[in-house]
Protein chains: 2
Amino acid sequence: MKQTKISEAVVRRLPIYLQVLNELNNREVQTVSSQELGVKLDLNPAQIRKDLAYFGDFGRKGIGYDVTYLIEKIRQILKLDQTINVALVGAGNLGHALCNYNKYSKDNMKIIAVFDVHPSKIGSQINNLTVMPMDMLKQTVEENNIRIGIITVPGFEAQNVANQFIDAGIEGLLNFAPAILKVPEEIRIHHADFTKELLSLAYYLERERDDENEPNLD
Amino acid sequence: MKQTKISEAVVRRLPIYLQVLNELNNREVQTVSSQELGVKLDLNPAQIRKDLAYFGDFGRKGIGYDVTYLIEKIRQILKLDQTINVALVGAGNLGHALCNYNKYSKDNMKIIAVFDVHPSKIGSQINNLTVMPMDMLKQTVEENNIRIGIITVPGFEAQNVANQFIDAGIEGLLNFAPAILKVPEEIRIHHADFTKELLSLAYYLERERDDENEPNLD
DNA sequence: TAGATTGTTAATCGATTAACAATC
DNA sequence: TAGATTGTTAATCGATTAACAATC
C-alpha cells in the first residue's frame with residue numbers, strides 16, 4: 001500500500017503487535033497469521049493486516065507473517081533500530097521505577113540522564129546514574145543528543161520542567177504528571193497519566209446500592 | 001439526551017474534563033463555556049457539549065456550565081462520590097509511587113491494601129500500609145469490599161496476580177505490567193503500560209540521518 | 001491441486017463536527 | 001432586546017470490517 005497519512009490509532013497498535021511478536025519469538029514460533037494475532041489481541045484480523053500493509057508487504061499470501069522479520073520491520077518503523085536517548089526529570093519513586101524498567105529493556109531507547117529540581121536529591125544514585133541539578137539539563141541534552149524527555153514531577157512543577165526540556169531542544173515528551181501542558185506544535189507530547197485510567201475504570205464498576213446500608217456479609 | 005450506549009472515547013474524556021474543571025475551581029472560576037474548555041483541551045466545543053449531554057442537561061443556554069456543579073456531576077458519573085476501595089500487588093518503586101500519589105488525592109478511591117509475592121517485602125511499610133502476603137489477598141478483598149486491583153509486578157507474574165484478584169472477586173483491574181492478560185469478559189481491565197506510550201512516541205521523532213539510510217518517503 | 005492467508009477495495013459503522021433552534 | 005451559548009440533529013469524516021482476487 002502506498003504511503004497514506006498514518007493515523008494515530010494505527011501507530012498506537014504497533015507496540016502491541018511488537019509485544020505479542022516478541023512473546024511468540026521467545027517461544028520460537030516462526031510464523032503467525034493475522035487470524036492468530038487477532039485472537040491473541042482481540043482485534044479484527046483485517047485490521048491487523050491493514051495496519052501492517054501501511055508500511056509494506058510484510059506477509060506472505062497463504063503463509064502468514066515471519067515472526068522475526070515482522071519484529072525487525074516494526075522496530076524499524078518505530079525507530080527502535082536506532083539509539084534514542086532519553087532524559088528524565090523527577091527522581092521520585094516513579095522516576096526510579098522507570099529507570100529500573102529501562103534496565104531490562106532490549107530497546108535502544110535508554111534513559112541516560114536523571115535530573116531533579118530538589119537539592120536534596122542531587123547527587124544520589126539511581127542504578128548507575130547520578131541525579132543532576134536542573135541547570136545541567138540543557139547542556140546534557142545537547143551534548144548527548146537526548147531526544148525524549150520524561151516528566152515525573154508533581155503536577156505544579158510539570159509545565160516548568162516541560163519548558164526547560166523544550167528550551168533544551170527535546171523532540172518529544174512523555175508526561176506522567178497530572179497536568180495539562182502547553183507545548184509548541186512541533187513538540188510531540190504523550191500522556192501516561194494513570195489516574196485517568198483509574199477514574200475511567202471506576203465508571204465501569206457496578207453502582208453500589210449503598211443507600212440501604214447493607215452490612216458486609218462475611 | 002436519552003441514555004444511548006456511551007462510547008469508551010466519551011468516558012475517557014470525562015477525567016480530563018474533571019481535571020480542567022478542578023483547576024478552574026481552584027482559581028475560583030464560577031462558569032465555563034464549552035468554547036473555553038475546548039481551547040484549553042484542544043477539543044471541539046461541540047464534542048464537549050455532546051459528551052456532557054449524554055449524561056444530562058448540565059449547562060445553561062447563553063451562560064455555560066457552572067464549574068462546581070459540573071464537577072459534582074462528573075464525579076457522580078465516574079462514581080467518585082462513593083468510596084471505592086483499591087488493592088495493589090507489587091510493592092516495588094511503581095507500587096510506592098502509586099501509593100504516594102494516592103495520599104494526595106481527594107478522590108474517594110483509595111489504595112487500602114498492598115501485597116507482594118516476595119517474602120522479603122512482606123511486613124514492610126508503605127505510608128501507613130503494611131505489605132501483606134498474597135495468601136491474604138482473597139480474605140482482605142472480601143472483608144474490605146475492595147473492587148479494583150492494581151497490578152505493578154513484572155510481566156511474567158502479572159497473569160497469576162490477575163487470576164488471584166479475579167478469584168477474590170475484584171470487578172476491575174489496572175495493569176501496569178507489560179503483559180497481555182486473559183481475563184473473563186465481566187472483568188473490566190485497563191492498561192497503563194507506559195512503554196507503549198514511549199514506543200509510539202519514538203515513531204513521531206524525525207528519523208536521524210545517522211548513516212547512509214534512505215530518508216522517509218512520505 | 002486444494003487450502004490458507006495476504007493485501008486491498010468496497011461497505012459499514014461510529015465518532016466528530018457543523019449548524020441552528022431554543023433560551024438564558 | 002441583543003449577544004451568548006446550550007442541546008441536538010444532520011452532515012461529514014475517518015476508522016473498522018467484510019469480501020475477495022491474488023498467490024503461496
Side-chain angles (χ1 to χ4, degrees), chain A residues 1-17 20-21 24 29-74 77 200 203, chain B residues 1-17 20-21 24 29-74 77 200 203 217-218:
Chain A
M1 183 184 262
K2 294 297 134 322
Q3 184 84 356
T4 333
K5 217 207 0 331
I6 285 146
S7 84
E8 225 163 290
V10 173
V11 175
R12 287 180 179 280
R13 281 191 292 268
L14 294 178
I16 306 175
Y17 298 155
V20 186
L21 290 165
L24 290 169
V29 176
Q30 308 286 311
T31 296
V32 70
S33 68
S34 61
Q35 177 63 233
E36 292 168 302
L37 288 174
V39 169
K40 278 185 190 296
L41 291 168
D42 209 10
L43 291 176
N44 185 298
Q47 179 169 67
I48 295 172
R49 293 200 300 279
K50 200 164 201 244
D51 284 353
L52 297 173
Y54 281 113
F55 302 99
D57 290 2
F58 301 147
R60 289 215 293 161
K61 291 177 181 175
I63 308 288
Y65 299 90
D66 182 89
V67 173
T68 52
Y69 180 69
L70 191 51
I71 288 175
E72 191 193 317
K73 284 300 173 185
I74 295 180
I77 296 161
S200 62
Y203 174 82
Chain B
M1 185 184 260
K2 293 300 134 315
Q3 184 84 356
T4 333
K5 211 193 25 316
I6 286 147
S7 85
E8 226 164 289
V10 174
V11 175
R12 286 179 181 281
R13 283 191 291 269
L14 295 178
I16 307 175
Y17 298 154
V20 187
L21 289 165
L24 290 169
V29 176
Q30 309 285 311
T31 296
V32 70
S33 67
S34 61
Q35 176 65 234
E36 293 168 301
L37 287 174
V39 170
K40 277 185 192 296
L41 291 168
D42 208 12
L43 291 176
N44 184 298
Q47 180 170 67
I48 296 172
R49 293 201 298 280
K50 201 165 200 246
D51 284 354
L52 297 174
Y54 281 113
F55 302 98
D57 292 0
F58 301 148
R60 288 216 294 161
K61 291 175 181 174
I63 308 288
Y65 299 90
D66 181 88
V67 173
T68 52
Y69 180 69
L70 191 51
I71 287 174
E72 191 193 318
K73 283 300 173 184
I74 295 180
I77 295 162
S200 62
Y203 174 83
L217 18 120
D218 41 12

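Per chain, numbering begins at 1; letters A, B, ... match sequence-line order.
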Practice task
Under a 3.5 Å limit for both distances, which nucleotide forms a Watson-Crick or G-U wobble pair with D:dT9, could you say?
Solution key: C:dA18

Practice task
Choose from D:dT8, C:dT6, C:dT8 the nucleotide whose nearest atom is closest to any side-chain atom of A:Asp57.
Solution key: C:dT8

Problem - Spacing of A:Asp42 atom CG relative to D:dT17 atom P, expressed in whole Å - result: 10 Å

Practice task
May I ask you to evaluate whether B:Arg13 reaches the phosphate of C:dT16, defined as a side-chain N or O under 4.0 Å from OP1 or OP2?
Solution key: yes

Exercise for the section: For the residue pair B:Phe55 and B:Ile6, establish whether any side-chain heavy-atom pair is separated by less than 4.5 Å. Expected result: yes

Handout entry: Nearest-nucleotide pick for A:Lys50, side chain only, options being C:dT16, C:dC20, D:dT17
Key = D:dT17

Problem - DNA chain D: 5'-proximal contact among A:Gly62 and A:Ser7 (nearest heavy atom) - result: A:Ser7

Practice task
Kindly say if B:Ser34 contacts the phosphate of D:dT5, meaning a side-chain N or O under 4.0 Å from OP1 or OP2.
Solution key: no

Practice task
Check B:Val32 against B:Glu36 and note the closest heavy-atom contact, atom names and distance.
Solution key: CA-OE1, 3.4 Å

Practice task
Taking the side chain as every heavy atom from C-beta outward, state whether B:Tyr203 and A:Arg12 have any atom pair closer than 4.5 Å.
Solution key: no

Exercise for the section: Could you tell me the separation between the CG atom of B:Leu70 and the P atom of D:dG7, rounded to a whole number of Å? Expected result: 10 Å

Problem - Interatomic distance where CD belongs to A:Gln35 and C1' belongs to D:dA18 [whole Å] - result: 13 Å

Exercise for the section: Kindly point out which of D:dT16, D:dA19, D:dT8 is positioned nearest to the side chain of A:Gln47? Expected result: D:dT16

Problem - B:Arg60 CZ - C:dA22 P separation (whole Å) - result: 20 Å

Exercise for the section: Answer whether the closest heavy-atom distance between the side chains of B:Lys40 and B:Leu24 falls below 4.5 Å. Expected result: yes

Problem - Value in whole Å for how far the P atom of C:dT8 lies from CG of A:Asp51 - result: 13 Å

Exercise for the section: Return the nucleotide paired to C:dC24: Watson-Crick means purine N1 to pyrimidine N3 with N6-O4 or O6-N4, wobble means G-U with N1-O2 and O6-N3, both under 3.5 Å. Expected result: D:dG3

Completion exercise
Rounded to whole Å, the CG-P distance (A:Asn44 to D:dA19) equals 11 Å

Fill in the blank from the handout: Testing D:dA18, C:dG7, C:dC24 for proximity to the side chain of A:Arg49, the answer is C:dG7

Problem - Under 4.0 angstrom between B:Tyr65 side-chain N/O and D:dG7 OP1 or OP2 - result: yes

Fill in the blank from the handout: To the nearest angstrom, the CG-P distance between A:Leu37 and C:dA4 comes to 18 Å

Practice task
Please state how far atom CZ in B:Phe58 lies from atom P in D:dG7, giving the value in whole angstrom units.
Solution key: 9 Å

Exercise for the section: Find which nucleotide of DNA chain D each of A:Ile63 and A:Glu8 is nearest to by heavy atoms, and output the residue with the more 5' nucleotide. Expected result: A:Glu8

Problem - Test item: B:Tyr17 and B:Leu52 side chains (from C-beta on) under 4.5 Å apart, heavy atoms - result: yes

Handout entry: Side chain of B:Lys61 (C-beta onward), nearest among C:dT16, C:dA22, D:dT23
Key = C:dA22

